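Remarks on the structure that follows.
Each ligand, and each atom within it, is numbered from 1 in the order the structure gives. Fair warning: this is a prediction, and the values are worked out from it, not measured in the lab.
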Amino acid sequence: MQITPVASGDHEEVYRVEDRQAGLTGFIAVHSTVLGPAAGGLRMRVYRSEDEALHDVLRLSRGMTFKNAAADLPLGGGKAVILGDPSRDKTPELLRAMGRAVESLSGRYWTAEDMGMSTADMAVLASETSYVAGRGDGAFASGDPSPVTARGVFNAIRRTARHRLGADTLDGMTVAVQGLGNVGWHLCTLLHGEGARLIVTDIDAARVAGAVAEWSAEAVAEDDIYGAGADVFAPCAIGAILNERTIPDLRAVVVAGAANNQLAMPEDGDRLASRGILYAPDFVANGGGIINVAAEILKIADRPAWVAEKLDALDRTLEAILTAAAAERVGPNSVAERIVAERMARAAA
Ligand code: NAD
């Protein structure tokens, strides 16, 4: 196994990890440990090149610093990626090799489940490292974070809709949900339960058919979700979907969803604001999952109560962001970034 430091601008530590025998090539990035040990998931997917994988891990680990700080967790930001097709290349040897790489950082980085990984895979990593969360069993195991992520997104939709539309409930509103995966599906259940009407899309036709059958949702084609006649747009699939091409099409006046890195460019936040669309910053709206994982890392005895309190605190943070954004006439994203910077400056002082 070779763990080689990689030079990187604003990250504390970045490593290229290679174990030829195990077929492993990947990266671990620790963006910041100012608030505590870096925490963020392990992703496995096909990348066009090592450069693309490195770019991804740097971007995602930085995002975790923001997400953990916004959720007021005593955790910094980190992330790990493995290059390869999880359905073909993922083997116990490869996972164990990654586990050894994580262990070599002595707890400065905690890993967990992300795209291409499962709770069962976390158990394999745990045979080589103590610094893995999101496990299915064990003393403080937190399991699948998606239901908690969905709860946080639901809270964010309610909070943002209250600011933009003055409504106390989502009853009677229409929400366009992009992506009916782990989070999107749980989110639809919550929205339907509150009386919202659903417009949905997914590249997986079976999921769309399921949503139509389950909640009488209206199904639309992949690209038609942006122009759907909805009050709220909830992106729960992929990043960079708020961009110069899609924003002019949006008919919703509230955007709040689970996907990471929803704004393709920083100026897309201003594009939304200039169209009168209120945006719940993604790293605030989707913080529920890492809160659930944090309970395991921090060995919290009464996880449900602690997670519920943290979700309430996150909701209060979003309220403060939206209030300040309205008063200062700026986009919520820039206020959220400022709050994170202030929390980190206080911790560093
Ligand atoms: P998932 O893989 O279970 O679901 C994603 C869904 O989106 C799938 O059903 C997929 O078919 C669909 N999809 C992919 N591309 C699409 C497209 N172009 N248009 C429409 N649908 C498309 O993932 P998930 O766990 O539900 O997470 C959803 C998003 O939220 C991801 O961006 C993830 O990074 C982010 N997120 C998830 C969590 C969590 O707890 N799972 C936490 C924070 C952020």
Look only at interatomic distance and state if [X] has a nitrogen or oxygen under 3.5 Å from any nitrogen or oxygen of ligand 1.
X	value
I238	no
Q178	no
R207	yes
N286	no

Backbone, side chain, both or neither: what part of T149 comes under 4.0 angstrom of ligand 1, heavy atoms only?
side chain
Pick, from [options], the option with the minimum heavy-atom distance to [atom].
atom	options	result
atom 25 (O) of ligand 1	N292, V200, N182	N182
atom 8 (C) of ligand 1	I291, D282, D202, V153	D202
atom 41 (N) of ligand 1	S146, G257, P147, G289	S146
atom 28 (C) of ligand 1	C236, G152, P145, A221	C236
atom 34 (O) of ligand 1	N260, V208, L180	N260
atom 31 (C) of ligand 1	A258, A237, G184, A285	A237
atom 26 (O) of ligand 1	N261, V183, D114, D204	V183

Among all the protein's non-hydrogen atoms, which is closest to atom 4 (O) of ligand 1, and how far away is it?
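Among all protein heavy atoms, the one nearest atom 4 (O) of ligand 1 is G181 CA, 3.2 Å.
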List every atom of ligand 1 that sits less than 4.0 Å from any heavy atom of K67, numbering the atoms from 1 in the order shown and giving each element.
43 (C)
